[in-house]
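Treat the numbers as computed from the prediction; the structure is a model and nothing was measured. Whatever order the structure lists them in is the order used to number ligands and atoms, beginning at 1.
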Amino acid sequence: MLNFSVAKFGGTSVANHEAMTACANIVIADPDTRVVVLSASAGVTNLLVALANGQSSEERIRLLSEIRQIQENILSQLKDESQVRSEIEKILAHIAQLAEQATTNSTEELSDALISQGEMMSSLLFVQVLKELNVDAQWVDVRTVVATDSHFGKAMPNDEQTQIQSDALLAPLVQQGKLIVTQGFIGRDPQGRTTTLGRGGSDYSAALLAEVLKAKNVLIWTDVAGIYTTDPRIVPTAWRIDSMSFSEAAEMATFGAKVLHPSTLLPAVRSNLPVYVGSSKDPQAGGTWVTREPQQRPQFRAVALRRDQTLLTLSNPSMVHAQGFLAQIFQTIADHKISVDMVITSEASVALTLDKTGSASSGTELLSTELLAQLNEIAQVKVDTGLSLVTLIGNELHKSEGVVKTIFDTLESYSIRMISYGASTNSICMLVNSNQANAVVNTLHKNLFE
Ligand code: ASP
Ligand code: MG
C-alpha cells in the first residue's frame, strides 16, 4: 500500500469557479492527495442526457446554451482562459455535432460518447484552476486507464485490464510525484469506444483507481459533511455517523442514501480501502469514515429512503407446485438488464420491485412495453407505482429479539405494502405509499434512534 489518497469531487463541488477553488484548496492542504477524480459540473450530465435522447433543433440550441453557460461562468473567472477555452470550444462543438446525430439515430453508444463530455470539460477546467493557484497538475484521459465491457450506459469495468493499463500509464506518473487530474464515470471498451458506468458512477471510478493504484484510501468530497442517520432534509434531528462499516454503507447506498454510489464499495471491500465522505464546501466540518472495523456496530444505524418504486405483481394459477416459474420471470427481467430488488412469493404469485440504480445512464424507462409484453406471456402482471422503499439499516437485525414487533408497533398507523426481513443481517426493507414515506422515516428515526 502506498501512502497517498485518491480524492473524488462531485458535481456540486465542481459546479462553478468558487466551488472548484474550494476543491483546489483541499487538494493543496493535503499533500497526500495525488489523484483527483472529477464529476461533471452539476447539471451538465442531465443536459447531455437530454441531448442524447434526441431533441428538436430549437431545444438543442437551448440545452447547448445552458451547457455553454456553465462552462462560461468558470472560464470567465480564470486569470488566463486562452488555452483551456479553445479546448472547451472544441468539446462544445463536438457535443453539438453528436446531439444532432442523436436526433436521427439515438443509440446507447452515441449517448455515452455524448454524456461523457461533461467530465472531460470539468477536468480540463480544474487543471487550469489549480495552475492559477501555482499547482502543476497533469490531466489524464481516464479512458486510457479504465477498461470496461461494451454495455453502454452501465458498463462493467474489466479489473484485470484496468490494472494493466494503470500499471503502464498511471502508476508511473503517481510515482514520479505528479498530481493527476482525471475523470470519473467514464471508460473505454475493447473496441476503443467511450462507455459510462451508470449515473453517479464517479465514486465507483475513484474507488477503482484507488484499488489499482494501491492508494491508502478514497476521499469522496461532496456537498454533505458525511453520511447521516437519515436524510436531514426529512428529519432535521438526524446526525452524522463518524464511523461505519462497509456493509452498513453498502446497504445505505443501495437503499437510497445518495452520498455514495453503491458500486463504490465493491473495490473498497475487496481491497480493504477506507472511504471518507466529507463536504468540499466545509472540509473542517468533518465527515464519515467507512471501514472494515468501525468504532461501533449499533443495532440501529440509519434509515434510508428510495422514492419512485415500481412494484410488479405476477400471478399465474399454474405456478402452484410448478417448477421454473420464478426462473422464467427473473430471466426475462435480466434479459432487459434490469436488477430486481425486493421479492416476495406466495402460492400463485410473486411480487417484486425493480431497482433503478441498475438502469442505464441515459435514463430510459425501466419498464418498457416490450418487457411488459414478455412478462404478460408468463403471467398476469399488475404494476403499482407511487411507492417508496424505507430501509432500516443496522447490525444483527435478524437475530435481535423483538425487532419486528418494535417496527410494527412504531408504524402502527401506516400501511406497509411489503416487508423484507431476514435476507440481510444489516437491513429490513419496507415498501410504503409515497405520500406516507416521510412520516414513516420520521417515526422510525424518532422511536428507534432518538
Ligand atoms: N456526472 C455523472 C452523473 O451525473 C457521474 C457522477 O457525477 O458521478 O451521473
Ligand atoms: Mg454523485
Could you tabulate the donor-acceptor pairs under 3.5 Å formed by side-chain atoms of residues 169-180, not counting sequence neighbours?
from: Q176; atom 1: OE1; to: K178; atom 2: NZ; distance (Å): 3.2

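- Looking only at atom types and distance, the side chain of R199 has no donor-acceptor partner in the side chain of T45 under 3.5 Å away.
- At least one heavy atom of G201 sits less than 4.0 Å from an atom of ligand 1.
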For this session: For R270 and D159, run salt bridge (Lys or Arg N to Asp or Glu O under 4.0 Å): C-alpha distance rounded to whole Å, both residues' side-chain angles, the deciding distance at 0.1 Å, then the answer.
Result: CA-CA 12 Å; R270 249 183 348 223; D159 301 326; 3.4 Å; yes

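- Ligand 1 lies nowhere less than 4.0 angstrom from a heavy atom belonging to H261.
- The R199 neighbourhood of ligand 1 comprises atoms 3 (C), 4 (O), 9 (O), with distances under 4.0 Å to a heavy atom of that residue.
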Problem set entry | Worked check of ring-ring contact (aromatic ring centres under 6.0 Å, His included) between W139 and F126 | CA-CA 9 Å; W139 182 87; F126 191 65; over 10 Å; no

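- Within the listing of ligand 1, atoms 6 (C), 7 (O), 8 (O) sit less than 4.0 angstrom from a heavy atom of S39.
- Atoms of ligand 1 found under 4.0 Å from any heavy atom of S202 (numbered from 1 in listed order, with element): 5 (C), 6 (C), 7 (O), 8 (O).
- Judged by the shortest distance from any of its heavy atoms, G200 lies inside the 4.0 Å radius around the atoms of ligand 1.
- For R297, the salt bridge (charged side-chain N to carboxylate O under 4.0 Å, His left out) partners at least two apart in sequence or on another chain are E293.
- Of the candidates R60, E100, E59, R60 is the only one forming a side-chain contact (heavy atoms from CB on, under 4.5 Å) with L51.
- Each of the following atoms of ligand 1 lies closer than 4.0 Å to a heavy atom of E119: 1 (N), 2 (C), 5 (C).
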